[in-house]
Chemist: 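Would you mind keeping the following structure in view while I ask a few things?
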Amino acid sequence: MYDHLQIEKKWQQKWRESQLYRVGEDQTKPKYYILDMFPYPSGVGLHVGHPKGYIATDILARLKIMQGFNVLHPMGFDAFGLPTENYAIKNKMQPQGATDINIANYKRQLEILGFTYDWEREIKTTDPRYYKWTQWAFLKMFEAGLVFESYEPINWCPSCKTGLANEDLEDGKCERCGSEIEQKPMRQWVIRITDYAERLLADLDKLPEWETSIKEMQKNWIGKSEGAEINFGAASSELKIKVFTTRVDTIFGCTYVVLAPENELVEKLKSQITNWSQVAEYIAAVKNKTNLERTDLNKDKTGVKLEGVQAINPFNGEKVAVFIADYVLNSYGTGAVMAVPAHDERDYEFAQKYGISIKKSISPAAAIEAPDCYTDDGLLLASGEFTGLNSASARTQMIAWLEKNNQGNKKVNYKLQDWVFSRQRYWGEPIPIIHCAKCGAVPVPYEQLPLTLPNVKSYEPSGTGESPLATIADWVNTTCPKCGGPAQRETNTMPQWAGSSWYYLRYIDPHNDKALVDKAREKYWSPVDFYVGGAEHATRHLFYARFWHKFLFDIGVVNYEEPFKKLKAVGLIIGEDGRKMSKRWGNVINPDEVVAQYGADSLRLYEMFMSPFSDSSAWNTKGLIGVRKFLDRVINITTSTEPDSAVVINLLHKTIKKVADDILDFKFNTAVSAMMILVNAIYNQGGKLSQANYPLLLQILAPFAPHLAEELWANIGQPDSIFRSSYPTPDVNLMKDSQITMVVSVNGKMRASLELPTGISESEVLALALEHELVKKWLEGKEIVKKIFVPDKLINIVIKYTP
RNA sequence: GCCGCGAUGGCGGAAUUGGUAGACGCGCUGGACUUAAAAUCCAGUUCUAGCGAUAGAGUGAGGGUUCGAUUCCCUCUCGCGGCACCA
């Protein structure tokens with residue numbers, strides 16, 4: 001047993017005093033930038049799940065430091081946003097005050113775990129010196145035409161009293177509070193992220209070190225689909241009904257056309273629609289539905305036929321019926337589809353219900369029975385000049401036909417929607433725009449940045465949908481920077497994602513007041529070599545950050561097109577009862593208590609040992625005691641003037657290599673296991689280790705258990721920190737095995753094993769095997785058909801099977 | 001429904017160009033030490049049969065490829081994550 005409290009406190013203080021973690025700018029050294037997703041400092045503090053990723057990056061950082069790299073491993077706080085604002089309202093505090101208290105608590109909790117952060121580089125997104133550059137980037141986007149105002153209906157959370165982006169919804173409910181959301185028209189600032197859709201998709205291929213699952217999620221999020229826009233004529237009207245389809249090849253099977261109820265064509269066709277009252281009623285009913293109801297797949301498809309209107313198929317001049325139905329979304333494609341019930345399941349279901357005819361135009365290429373609704377590619381059937389073509393070439397030729405006849409064109413669509421970038425809330429970066437009656441939306445001049453958040457009496461949402469900022473007359477009323485006339489400030493603030501979209505750049509150059517980041521420094525430190533965080537950010541933060549970075553690249557602020565070279569997702573730690581850690585279940589484990597009772601080194605080691613890094617797994621205090629026992633065993637190893645056994649020497653050098661390799665691979669659980677095996681071997685030789693090898697043991701342990709390793713390092717008279725020593729290099733000769741276990745199997749089944757010198761030949765092994773009693777009895781009276789020999793591994797004797 | 005990932009002892013998990021399944025840890029059993037307990041140390045621990053040597057079975061289920069499959073292929077079941085009427 002050792003006094004972890006005393007040791008850990010002592011070294012944390014010494015490291016601070018000696019500025020062990022100060023990050024230098026010596027650009028002649030190779031750099032390594034390791035980044036954690038920075039935390040949101042909530043009022044409840046950290047539970048043991050939060051630091052898991054930080055422990056892993058800290059181990060990697062310490063290894064890299066010992067390997068001679070200039071390591072940047074910073075930490076900061078993503079502090080703007082709703083939770084703090086709501087927390088402040090509830091506790092009758094100012095959001096700024098609540099943030100300061102929460103950050104101080106988080107820092108304290110991080111400090112006791114012994115991380116290598118250089119707090120000189122700390123970032124807070126709420127610091128005006130930081131958000132000056134968030135605002136600056138926004139204005140650059142405004143200048144570049146990427147930002148626009150939109151009056152589209154937005155998702156409105158009646159409980160949070162704020163607008164939400166689609167990204168902030170879960171199952172049509174508010175991600176934060178779980179309330180059902182409503183549709184409410186609201187003036188919003190929107191960023192044209194869709195302009196970058198193609199690059200965000202294509203450049204995923206430049207990220208081989210990202211986990212495929214996260215790349216797949218981003219791909220699905222962008223949702224690219226290639227197809228065609230086709231103009232259907234409207235009978236007895238000049239209007240064109242433009243539809244989008246990925247399956248032009250099925251168009252000869254089109255028996256009706258469907259418009260989204262909100263499609264503006266509906267209003268334009270009003271004069272021809274003979275059942276308008278019925279149509280209007282349907283449109284009104286759809287409007288009242290929440291998105292949740294509308295997108296519920298289990299519900300029946302509904303729609304109304306537009307009596308008096310017909311659409312003309314440009315390929316064959318056929319007139320087909322026109323419907324409105326809420327299964328067609330106005331926000332995707334053209335808000336209109338051509339329906340081919342024979343080859344699309346939704347259309348099939350709808351046609352069945354409304355008695356619309358079903359016409360086959362594709363037959364399966366293989367000789368199989370065609371189902372009523374066949375959705376795969378095949379051969380074209382009854383399709384005029386295109387009959388007999390396969391689907392793929394038909395699509396190419398039919399699009400060419402459309403373009404030649406001016407009836408449509410090739411078109412790529414994305415599910416990705418533009419980024420609603422404003423919130424009607426107080427605790428966010430003010431959007432630096434001034435509204436002038438004469439000049440329109442005018443940017444706040446760059447030299448006036450940062451545009452700071454004013455103090456306000458009440459942080460409660462106004463309830464009208466406007467930000468509390470709107471109530472501060474002397475802040476709102478200003479003069480137009482362009483014409484000098486009276487004007488009003490924008491009162492919306494930015495979403496929480498804004499500050500986190502580029503923070504990794506600021507760590508490189510945190511105090512620069514002339515630029516977002518110095519370009520030479522950025523060239524040296526970027527990109528982030530290793531980024532670690534929760535997979536839940538795959539389609540939000542990670543997507544926005546990639547977009548923001550590409551924009552900064554385009555305007556020449558950064559040198560590289562992608563911000564994060566390697567990405568690893570951290571698995572959750574759930575409660576001992578198998579449920580997510582939450583106050584509600586009373587299963588939260590507080591790291592403060594674990595550190596007090598077992599020490600930070602034990603916590604670090606345990607979280608790395610408990611499961612593969614990216615897997616989620618349940619906390620188990622018994623397992624924690626197991627790694628604490630391991631540390632106690634390390635302490636009890638004594639140094640000796642006697643040489644070590646061959647087994648220990650061999651194992652030590654193998655372990656040096658394995659631990660370093662495993663850290664770089666984020667396979668911490670097997671690294672810890674390898675160290676345990678080594679220590680067990682040392683105990684088998686009496687718990688003594690030679691003076692020459694003892695320091696090596698401490699060095700491989702140091703990244704995992706820094707306090708203890710540092711203490712033991714000092715105990716053997718080392719004057720400087722163990723983290724200023726060089727990570728040991730394994731001796732390849734000492735790692736070599738002189739003996740191997742040769743497996744002898746008969747028909748693939750292990751029957752015996754032989755301890756033999758390495759490099760032994762097949763004939764020698766065979767001779768020994770045939771003599772072996774355990775092998776002999778299986779071979780008696782049997783004919784040997786063949787032998788398979790894997791050098792230094794096994795020999796398999798194959799005999800003829802005679803029942 | 002679609003996309004991705006996964007399923008191994010009582011538990012967490014280990015094992016990759018296909019070659020000893022169950023490393024390491026927890027738990028459990030026994031022993032040493034102790035007046036006793038805790039701690040520590042040592043030994044054992046997949047299941048079945050056997051005192052034992054040993055034999056048989058065994059990596060979610062079924063099939064296949066192979067001298068040999070936890071690993072590769074096909075079908076299915078269950079679980080996790082993401083997306084979801086995207087035309």
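The structure displayed is predicted, hence computed values, not measured ones. All chains are named by letter (A, B, ...) in the order of the sequence lines, taking the proteins before the strands, and each is independently numbered beginning at 1.
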Chemist: How would you label the glycosidic angle of B:G9: syn (within 90° of 0) or anti?
Modeler: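 Chi for B:G9 falls in the syn range.
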Chemist: Just wondering, more than 12 heavy atoms not from A:Lys654 lying within 6.0 Å of its NZ?
Modeler: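 Yes, the 6.0 Å shell around NZ holds more than 12 heavy atoms from other groups.
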Chemist: What's the CD1-C1' distance between A:Ile251 and B:A87, to the nearest Å?
Modeler: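 So the CD1-C1' distance, A:Ile251 to B:A87, works out to 12 Å.
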Chemist: Looking for any heavy atom pair under 4.0 Å, which part of the strands does A:Arg751 touch: base, sugar-phosphate only, or nothing?
Modeler: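 Answer is sugar-phosphate: A:Arg751 comes under 4.0 Å of backbone atoms only.
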Chemist: Reckon A:Ser331 touches a base, only the sugar-phosphate, or nothing at all at heavy-atom distances under 4.0 Å?
Modeler: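 Nothing: the residue A:Ser331, judged by heavy atoms under 4.0 Å, touches no strand.
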Chemist: Using the C1' atom as the reference point in each nucleotide, state the distance between B:G79 and B:G30 in Å, no decimals.
Modeler: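 Those two atoms are separated by 39 Å.
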Chemist: What is the distance, rounded to the nearest whole Å, between atom CG of A:Leu624 and atom P of B:G12?
Modeler: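 For the pair A:Leu624 CG and B:G12 P, the rounded distance is 18 Å.
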Chemist: What about A:Tyr414 and A:Trp221, are their ring centers closer than 6.0 Å?
Modeler: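 Aromatic pair excluded; centres sit 6.0 Å or further apart.
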Chemist: Just to be sure I understand the rule, does A:Val337 reach a base, reach only the sugar-phosphate, or reach nothing, if contact means heavy atoms closer than 4.0 Å?
Modeler: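 Counting heavy atoms under 4.0 Å across all strands, the contact made by A:Val337 includes a base.
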Chemist: Sequence neighbours left out, what pairs pass salt bridge (Lys or Arg N to Asp or Glu O under 4.0 Å) with at least one residue falling in residues 242-254 of chain A?
Modeler: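 For residues 242-254 of chain A, and leaving out neighbouring residues, the salt bridge (Lys or Arg N to Asp or Glu O under 4.0 Å) pairs sorted by first residue read A:Glu229-A:Lys242, A:Arg247-A:Asp249, A:Arg247-A:Asp377, A:Asp249-A:Arg395.
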Chemist: Using whole Å, report how far OH of A:Tyr683 lies from P of B:A43.
Modeler: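 Value for this atom pair: 13 Å.
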Chemist: Within the 4.0 Å limit for protein heavy atoms, which parts of nucleotides 22-33 of chain B are touched? Write it as a string from 5' to 3', B for base, S for sugar-phosphate only, - for none.
Modeler: -BBSSS------
Chemist: Between A:Met217 and A:Thr334, name the one whose nearest nucleotide on RNA chain B is closer to the 5' end.
Modeler: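 So the residue in question is A:Met217.
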Chemist: Rounded to whole angstroms, how far apart are NZ on A:Lys301 and C1' on B:A87?
Modeler: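 Going from A:Lys301 (NZ) to B:A87 (C1'), I get 12 Å.
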Chemist: Given the ring of A:Phe252, does A:Lys359 sit roughly above its face, with NZ or CZ under 6.0 Å from the centre of the six-membered ring and within 45° of the axis?
Modeler: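 Ring-cation test returns no.
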Chemist: With sugar-phosphate meaning primed atoms plus P, OP1 and OP2, does A:Lys415 contact a base, only sugar-phosphate, or nothing at under 4.0 Å between heavy atoms?
Modeler: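 Answer is base: heavy atoms of A:Lys415 come under 4.0 Å of a base.
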Chemist: Does any non-hydrogen side-chain atom of A:Ile637 lie less than 4.5 Å from one of A:Arg633?
Modeler: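 Of all side-chain heavy-atom pairs linking A:Ile637 with A:Arg633, none is under 4.5 Å.
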Chemist: Salt bridge (Lys or Arg N to Asp or Glu O under 4.0 Å): which pairs involve residues 743-753 of chain A, sequence neighbours left out?
Modeler: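 For residues 743-753 of chain A, and leaving out neighbouring residues, there are no salt bridge (Lys or Arg N to Asp or Glu O under 4.0 Å) pairs at all.
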Chemist: Please give the distance between the P atoms of B:A39 and B:A53 as a whole number of Å.
Modeler: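 It comes out at 32 Å once rounded to the nearest Å.
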Chemist: Please give the distance between the P atoms of B:A15 and B:G31 as a whole number of Å.
Modeler: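 B:A15 and B:G31 have their P atoms separated by 36 Å.
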Chemist: In whole Å, I'd like the distance from the CG atom of A:Leu766 to the P atom of B:C67.
Modeler: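 That distance rounds to 19 Å.
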Chemist: Enumerate, in order of first residue number, the stems that involve RNA chain B, defined as 3 or more consecutive Watson-Crick or G-U wobble pairs with both distances under 3.5 Å.
Modeler: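 Looking at RNA chain B, the stems formed by three or more consecutive pairs are B:1-7 with B:77-83, B:10-12 with B:24-26, B:27-32 with B:40-45, B:46-49 with B:54-57, B:60-64 with B:72-76.
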Chemist: Could you give the CG-to-P distance, from A:Asn636 to B:A39, as a whole number of Å?
Modeler: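 Distance, rounded to whole Å: 15 Å.
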Chemist: Does a side-chain N or O from A:Trp221 land closer than 4.0 Å to OP1 or OP2 of B:G4, or not?
Modeler: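 Checking A:Trp221 against B:G4: no side-chain N or O falls below 4.0 Å of OP1 or OP2.
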Chemist: Please list all pairs meeting salt bridge (Lys or Arg N to Asp or Glu O under 4.0 Å) that have one or both residues in residues 573-582 of chain A, counting only residues at least two apart or in different chains.
Modeler: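 Only A:Asp577-A:Arg579 qualify under salt bridge (Lys or Arg N to Asp or Glu O under 4.0 Å).
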Chemist: Could you state the CD-C1' distance from A:Glu349 to B:A87, rounded to the nearest angstrom?
Modeler: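 From A:Glu349 CD to B:A87 C1': 14 Å.
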Chemist: As a test of reading the structure: which of B:A87, B:C83, B:C67 is closest to the side chain of A:Arg540, going by heavy atoms?
Modeler: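 Of the candidates, B:C83 comes closest.
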Chemist: Using the side-chain contact (heavy atoms from CB on, under 4.5 Å) definition, which of the options A:Val258, A:Ile283, A:Thr302 pairs with A:Ile324?
Modeler: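 Result: among A:Val258, A:Ile283, A:Thr302, A:Ile283 is the only option passing the side-chain contact (heavy atoms from CB on, under 4.5 Å) with A:Ile324.
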Chemist: When the side chains of residues 669-678 of chain A are checked against the rest of the protein, which donor-acceptor pairs come out under 3.5 Å, sequence neighbours left out?
Modeler:
from	atom 1	to	atom 2	distance (Å)
A:Thr670	OG1	A:Asp662	OD2	2.8
A:Thr670	OG1	A:Lys667	O	3.0

Chemist: If the P atom of B:A37 is compared with that of B:C24, how far apart are they to the nearest Å?
Modeler: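 Looking at atom P only, B:A37 and B:C24 are 29 Å apart.
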Chemist: Can you work out whether A:Gly333 or A:Val790 has the more 5'-proximal nearest nucleotide on RNA chain B?
Modeler: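 With A:Gly333 and A:Val790 compared, the 5'-side residue is A:Val790.
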Chemist: Give one of base, sugar-phosphate or nothing for A:Trp778, where a contact means two heavy atoms less than 4.0 Å apart.
Modeler: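 Sugar-phosphate contact only.
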Chemist: Measure from NZ or CZ of A:Lys301 to the centre of the six-membered ring of A:Tyr327 and say whether it is under 6.0 Å with the direction within 45° of the ring axis.
Modeler: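 Geometry flag: set, cation within 6.0 Å and 45°.
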Chemist: Looking only at the side chain of A:Leu329 (C-beta and beyond, no hydrogens), which of the listed nucleotides B:C86, B:C67, B:U20 gets closest?
Modeler: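 Among the listed nucleotides, the one closest to the side chain of A:Leu329 is B:C86.
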Chemist: Measure from CG on A:Asp632 to C1' on B:A38 and round the result to the nearest Å.
Modeler: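 About 14 Å, once rounded to whole Å.
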Chemist: Out of B:U54, B:A87, B:G19, which nucleotide sits closest to the side chain of A:Asn796?
Modeler: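 The nucleotide sitting nearest to the side chain is B:G19.
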Chemist: Using the C1' atoms only, state how far B:G63 lies from B:C26, rounded to an integer number of Å.
Modeler: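 Each nucleotide's C1' atom is 38 Å from the other's.
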Chemist: Please walk me through it: do A:Phe704 and A:Arg604 pass side chain to side chain contact (heavy atoms under 4.5 Å, CB included)?
Modeler: CA-CA 7 Å; A:Phe704 293 85; A:Arg604 292 169 61 109; 5.9 Å; no
Chemist: Taking the P atom of each, how far is B:G62 from B:G18, in whole Å?
Modeler: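 Looking at atom P only, B:G62 and B:G18 are 24 Å apart.
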Chemist: Are a donor atom and an acceptor atom from the side chains of A:Tyr332 and A:Ser225 found within less than 3.5 Å of each other?
Modeler: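 Checked: A:Tyr332/A:Ser225 side chains pair up, N/O donor to acceptor below 3.5 Å.
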Chemist: Using atom P in both nucleotides, what's the gap between B:C33 and B:C42 to the nearest angstrom?
Modeler: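 Those two atoms are separated by 16 Å.
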Chemist: Suppose we call a contact any N or O donor and acceptor under 3.5 Å apart; does that hold for the side chain of A:Asn220 and the base of B:C83?
Modeler: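 It does not, because no donor-acceptor pair links the side chain of A:Asn220 to the base of B:C83 below 3.5 Å.
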Chemist: For nucleotides B:A7 and B:A21, find the distance between their C1' atoms and express it as a whole number of Å.
Modeler: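 Between the two C1' atoms, the distance is 16 Å.
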Chemist: Check every strand shown and say whether A:Ser213 touches a base, only sugar-phosphate, or nothing at a heavy-atom separation below 4.0 Å.
Modeler: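 Answer is sugar-phosphate: A:Ser213 comes under 4.0 Å of backbone atoms only.
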Chemist: Can you find a side chain N or O atom of A:Tyr414 that sits less than 4.0 Å from OP1 or OP2 on B:C86?
Modeler: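 For B:C86, OP1/OP2 do not have a side-chain N/O of A:Tyr414 under 4.0 Å.
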Chemist: On the nucleotide B:A55, are OP1 or OP2 found under 4.0 Å from the side-chain N or O atoms that A:Lys777 carries?
Modeler: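 Yes, because at least one side-chain N or O of A:Lys777 sits under 4.0 Å from OP1 or OP2 of B:A55.
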